[in-house]
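Chain letters run A, B, ... following the sequence lines, proteins first, then strands; residues in each count from 1. Heavy atoms only: backbone and side chains are in, while hydrogens, waters and symmetry mates are out.
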Amino acid sequence: MSRLSRALVFLLFLAPYVFSLIVAQGQMALPEGFLGLVQNSLIQAALSALFAVALGVSIGIGLLGLPRRLRRSTEAAVLVGSFVPSIAWVLMWMVLLPNVRGLTAIVILHAVGASGLIASAVVRKVRTRWAGSLELAMVEGAPRGLTWRLGLLPLLRSDLVTYLLTIFASSLSSFSIPLLMGGAKAWTFEIAIHQAVRVHSAWDQVAALTLWQWVTLTALLFLSRSRMPLRAGAIDHRESRAVEDYGWKPLVLLGVLPVAAVLVVLLSSALRGVQQLETAGLLIDGGELGSALLMSIFVAHFGGLLTAATALFFALSRPSETERRLLSSYVAPSAVITGLMLLLMRAESVSALADALRISVGCALVFAPVLWRMRWHVELSTLERQLEVAEIFGASAKMIVRQILWPQLRPLFYWTWGVATFWSFGDYAIGAVAASRPITLALLSRTLLESYRLEAAAILIAFGLFLGFLSYLFFSNRGERNVGRKMS
Amino acid sequence: MSVVKCLEHDYGDFKIAIHNWEILDHGVTAFLGPSGSGKSSVIRHLLGLEKSDQLQWYWTEGAEQVDLASMPIRDRRLGVVFQNGELFPHMTAKQNIEFAADAAVVSRGANRSEVAASVGRLIQDLSLERATETLAVNLSGGERQRVALARALVGRPRLILLDEPFSALDAELRRDVRAMVFRVLAEHKIPALLVTHDPEDLVGLQGKLTRIQDGRIVEDRSMAITTEGGRG
Amino acid sequence: MRGKWIAGSVMTLLVGSVGILYWGNQQKDEVAKPLVVMSYASFTASWGPGPELAKRFEAKTGVPVRFVQADDAGVLLQRLKLVPADVVLGLDQSVLNGARSEMRWLPHVAKVDFPHDDLFVPIDWAPVGFVYREGELAPPSSLDDLRLERFKNQIALEDPRTSAPGFQFLSWIARGRTDVELKALIQQMHPSIQSVSPSWSQAYGLFTRGTAKLVLSYMTSPLYHQVIERDGRYRFASFPEGHAVHVEFAGILAKCARCDRAREFLQFLLLTENQKLIMEKNWMLPVVELPATEDVGPFREVMEAARYLKPKDMSTLQLSAAERERLLKLWSEASP
C-alpha cells in the first residue's frame, strides 16, 4: 500500500513532463544558443542562491533575536517578500535604483525575494533542533559571532546546501526578473521556453528545455552528496532564552526594509488605484471583487492543504532515502506546461469550481517539491532512527504513523500549509493557463494590469499579500501549539 | 540458544564475515571491539535494519527453532537501546515506555494487564518514579538511558541489544547506570548482547565475551565475574 | 492517525470534486448550448467589451455567449486543442501562420473593408509607436530620433521574443533597412532603452509609474487616460515615416459545435454599434468606417490620424516563420 502511494505521488509529478512530451509529439530539440543559455542560467541561478542563503541566514539570526510574539509576526512579515510578484520587485527597484541593472540587479532581486523563506526555515531549525547547543554555548559564555561561525553554521551545513539548491532551482526557472533587469540580451531557460511557446510554437524545444532544467538540478542534488544531516538534537519546542540571546535583532531590518519598500511602492498610488477599480466597475456592487476574494481564499487554502497533504502523504508512506532524494530533486516544469496539463482535468468544464480546482492542484504540483526539498526531506531523515526503534519494538505501521510520525511532523505540516497558502494567494502563472476566467484576486490583478490599471492591480496584489500573511500567521501558530510539551 | 550461523556483508571497503557465533540466551554476551571494527553494523544487521548479503540466525526455544533472519523486523521480538537512547522526544518518559508496551500487545499478542504491570515494575526497578511525567527532551542522560532500557524490556524481548548504551554518560554516572542495568536485566531474566568499545563496561559481568576486529570475530569465550580491568 | 485522516479527507475531497466536475456541468450545458468564444483576459473582463457583446448577441439571437479567457498566443493554440470552443477572438497577425498550421478553421462569410483572408476576420487594430506624457520630454519624431542623447534610459520596450507589440516594433524598424543598418540602429538605440519587458502590461506599468518616460504602445493608449482618468497629458508620438500596426483577428474553429452561430457572431462583431463598443472598451480602432454622425468623442481624431496607416493587404501584415527567426536573431546579435 505504501509503495503504491509513493508510486502515485511520483506519477503525479511526472505527469506534466509526460504531457510536454506528448504535446511535442515525442520530439525534442534544443534552441540555438543553448550553451550560452545554460551558462547564463547557471551563473545567475548560482549567484542568486548564494546571496539568498547568506541574506536568509542573516535575517534568520535577526528573527531569532526577537521575543516570541514579535518574532512570529515579523517572520510572517519577512515571508511576504517571498510571495511578492516579480513586477512589484522590479517596480521598487526601478524607483529606488534605476541605474543598477544586469546580473547585480537580478541576483539581488532574487535574493530579497527568496530570503524570507530561508529565514523562516532557519528560525524553525535552530529553535527546534539546536536550542540545546545554544544553551551550552551560553553557559560557557561563548560570544555570538564565534558561536555562529564555528558552532551553528557548521551544524546547519546540510540545511544550507538544501536551501542553496532550492533557490538555485527557483532562480533557474525565473523569467520576469532576468528579462526586465537583464535587458534584450537576457537569455535563460525560461526566456527560451517563453520564446519557443510564443514565437515558434516549438513544443519540442519546450520539452527539451524543461527536461534539461530538471536534469541539471537532479545532477546537482546527487552530486552534492548530501550526507545524512548531522544528527540534530531531538525536536524541542521549548522557548529557550539562549536562542534569543544568540540572535541579533538589527539583522531583521535586512528582511523588513525591502518588504516595506515594495509595499510602499505598491500602495503609494493607492488612491489612484481605488479610482481605477471604480472605473473598471469593480466597486459598484462589489460582486466580482467579492467573488474573487472568496475564490482566492478557497483556492489558496485548498492549494495549501493539497501541498501539505501531498508532502505528508509521501512522508507517512515511509519513503526510502533514494525516494526522498528523488522527490527533492524534482522541479515542476514551466507553469505553462503544468497549466496546460491541468486543462486535461475535465477541459470542457469552465465552472469556477473547475478552475479553482485546477489552480489548487497546479499549485500543489509546483510548491510541494520545493517545500519538500526545503524541510521535509531533512526532517524525515532525522526521524529515521526513531522509526527504526519503533519497528524493532514491534510497533505496527498505524502506531508509528499515529504516535511518532504525525505528532512530530504536525508543526511542519502546518508550516507547509501556511507557506503554500501564502504562495497560492499570489499565483497567476498557473491560473492564467488553467483557468477560464479571472476568478481570483491575483488573476483579476493581472487582468487589470493588462487594461492600463496598474495601481488597481497593485491594490489587489497588496491585499492578496495581506490575506496570505494572516493565513500564514494562523497556520504557523496552529503548528506551534502543544505537541505535548512543557514550557521550560 | 541462539546461533548466528552466518553473517556476511560487503560494504566495498569493508567486509563483515561472521560464522557460527553463539549469542547467549541467558546472561550477557559482550561484544567488544575498537571503533570501526564493525560492531554497530553487526547490530544493525541482526536487528534487520540493513539488508545483509547473507544472514542465518537461529534461535532455539525449547524444541522450536526460529529463523530470525527470515522474519520482518517487528516480528523478531528484539529490544534495543542505542547510544543516545533515541527516545521519542515529544512523549514523556512514561509514554515512551507505554508505547513499547502497546506495541507488544498489538503485534505480539502480549497480555495487556501483564504488560501494564510490567511498566509499573520497570519504572520502580529503574528508579524512574520522579521522571515519569517529564518530557523526553528534558530528561538527564542517565534518566534517558534508563527509560530506553525500560522501553526495550517492557515487551519481554527474547534478546536485548545494547549498542554502546553508556558511552554518552560521564564516568560516575556510567558506573551507576551500568550497575542498575545489569541488575534489572538479571532480575527480569532477559539475555543481552552488549556492544561496547570500553572494557570497563564488562566489570561485574558474567557471560560471554566476543571480540571483533575488521569485521571478523577474533576472540569468542566465556567470561567469568571480572574485577576492574575487564579481563576474566 | 490525524495525519492520515487529513490526507484521506483531502483525497476524498479531490475525488468528490472531480465527480462534481464530471456531472455538474454536463447537465448545465445541455440546457442552452452557448456559443463559446475564447479571447484574452482584458477583452473578456467585466470592464472589457466582452460581456456587453455577449448580452447584445443573446438579445438578438437568443443564443448565450460564454467567454473563456486564454493567455497569449502560443498557449492559446495549445489550449484550443484541449478545450472546446467555437470562436477565437484576439489572434494578432504574428500568430496567424501558426494558427493555420496548428488548428483547422472554418471559412467565414464576413465582409469587411480591411485586409483579411477567408479564415480570419479583423476585429480591431491600432498603429504601434511611442506614448509619452506632455511636459516630461520633447517627443521623438522618427525612429532615428530614438538614438538621441535626450532619450537616454527613457524607453520601456517589450521584448520581441515574448511580446506581440515588441515583435511589431522589430519588424517596423527592420522595414526598408539592410541587416547592417538594422543592427546599427539597434546598437545605437540601446542606451535609450530603460527596460525590456516580457509583456506590454509590464512595460506600460513601468511607464505609468514614471520609471520610463516613453513606452512602446498603441496610438489609442492616450485615449484611455484622457477618457477614463481625465488626464490629457498622454500623447502618441506620430512619425511621418509611418508605423507598424497591430491587428487582431477572429476565426471559427473547425471543431465548432455551433458553427452557424459562430459565423453570425463574426458578422455581428463588424456591425457599427459593436465596433464602436470594442473601440471604446478595448481601446483599439474599428476595422469598419464609423459614420461621421456617430459620436465617438476623442476617438474621432485618432481614427483620422490613423487613416493613412491602415494596412493595405494581408501580405504587409505577416512575415514568414523564417523571416521572423532571422529578425529575432539579428535583434539578439545586435543587443549588447
Exercise for the section: Run the numbers on Q202(C) and E450(A) for side-chain contact (heavy atoms from CB on, under 4.5 Å), then give the verdict. Expected result: CA-CA 8 Å; Q202(C) 294 190 29; E450(A) 288 177 6; over 6 Å; no

Handout entry: Residues W187(A) and S332(C): side-chain donor-acceptor under 3.5 angstrom
Key =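 Short answer, no.
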
Practice task
Determine whether the side chains of S436(A) and Q69(C) contain a donor N or O and an acceptor N or O closer than 3.5 Å.
Solution key: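 S436(A) vs Q69(C): no donor-acceptor pair found between side chains.
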
Nearest heavy-atom neighbours spanning [X] and [Y]:
X       : Y       : result
S451(A) : W47(C)  : OG-NE1, 3.0 Å
R79(C)  : A432(A) : NH1-O, 4.2 Å
L449(A) : S201(C) : O-CB, 3.5 Å
L454(A) : T208(C) : CD2-OG1, 3.6 Å

Practice task
Quick one: pull up OG in S197(C) and CG in L180(A) and give me the separation to the nearest 0.5 Å.
Solution key: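 Between atom OG of S197(C) and atom CG of L180(A) there are 4.5 Å.
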
Problem - Straight-line distance of T162(C) OG1 to E190(A) CD, nearest 0.5 Å - result: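 That separation rounds to 11.5 Å.
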
Problem - Which residues share a salt bridge (Lys or Arg N to Asp or Glu O under 4.0 Å) with E102(C), sequence neighbours left out - result: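 E102(C) satisfies salt bridge (Lys or Arg N to Asp or Glu O under 4.0 Å) with K81(C) once adjacent residues are dropped.
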
Handout entry: Set of salt bridge (Lys or Arg N to Asp or Glu O under 4.0 Å) partners for R161(C), sequence neighbours left out
Key =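 Listed in chain order: D159(C).
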
Practice task
Take atom CD of E32(A) as the centre, draw a 6.0 Å sphere, and report whether it contains more than 12 heavy atoms from other residues, nucleotides or ligands.
Solution key: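 It does not: E32(A) CD has 12 such atoms or fewer within range.
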
Problem - Residue among V196(C), N97(C), L206(C) with most heavy-atom pairs under 4.5 Å to chain A - result: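 The answer is V196(C).
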
Practice task
Flag the one option from P160(C), A156(C), S163(C) with the top tally of heavy-atom pairs under 4.5 Å to chain A.
Solution key: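 Among the listed options, the one with the most contacts to chain A is S163(C).
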
Exercise for the section: Return the orientation label for the Y452(A) and Y224(C) ring planes: parallel under 30°, perpendicular over 60°, tilted otherwise. Expected result: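 If you compare the ring of Y452(A) with that of Y224(C), the planes turn out parallel.
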
Residue [X] versus chain A: region with a heavy atom under 4.5 Å:
X       : result
H225(C) : side chain
I193(C) : neither
S199(C) : neither
L157(C) : neither

Exercise for the section: Specify which of A457(A), S269(A), A435(A) makes the most heavy-atom pairs with chain C at under 4.5 Å. Expected result: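 Among A457(A), S269(A), A435(A), the one with the most close pairs to chain C is A435(A).
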
Practice task
Could you check which of E288(A), E455(A), M399(A) has the highest count of heavy-atom pairs closer than 4.5 Å to chain C?
Solution key: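 Counting heavy-atom pairs under 4.5 Å, the top option is E288(A).
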
Exercise for the section: Show the numbers, then the answer: is there a side-chain contact (heavy atoms from CB on, under 4.5 Å) between T211(C) and V90(A)? Expected result: CA-CA 10 Å; T211(C) 60; V90(A) 169; over 6 Å; no

Practice task
Indicate yes or no for a side-chain donor-acceptor contact from R209(C) to the backbone of L91(A) under 3.5 Å, with no hydrogens or angles considered.
Solution key: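 No; judged by distance alone, with no hydrogens or angles, the pair does not exist.
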
Exercise for the section: Run through R453(A), R272(A), Q275(A) and flag the one making a side-chain hydrogen bond (donor to acceptor under 3.5 Å, both in side chains) with E229(C). Expected result: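 Exactly one candidate clears the test, R272(A).
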
Practice task
Measure distances from A458(A) to the heavy atoms of chain C and classify the residue's part below 4.5 Å as side chain, backbone, both or neither.
Solution key: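 The answer is neither part of A458(A).
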
Problem - Under 4.5 Å from any heavy atom of chain C - which part of L405(A) - result: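 Looking at L405(A), nothing touches chain C.
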
Handout entry: Under the side-chain hydrogen bond (donor to acceptor under 3.5 Å, both in side chains) test, residues paired with S360(A) that sit two or more places apart
Key =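 Applying side-chain hydrogen bond (donor to acceptor under 3.5 Å, both in side chains) to S360(A) gives none.
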
Exercise for the section: Pull out the residues in residues 35-45 of chain C that come under 4.5 Å of chain A, heavy atom to heavy atom, sorted by number. Expected result: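 From residues 35-45 of chain C, the residues near chain A are A41(C), S42(C), A45(C).
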
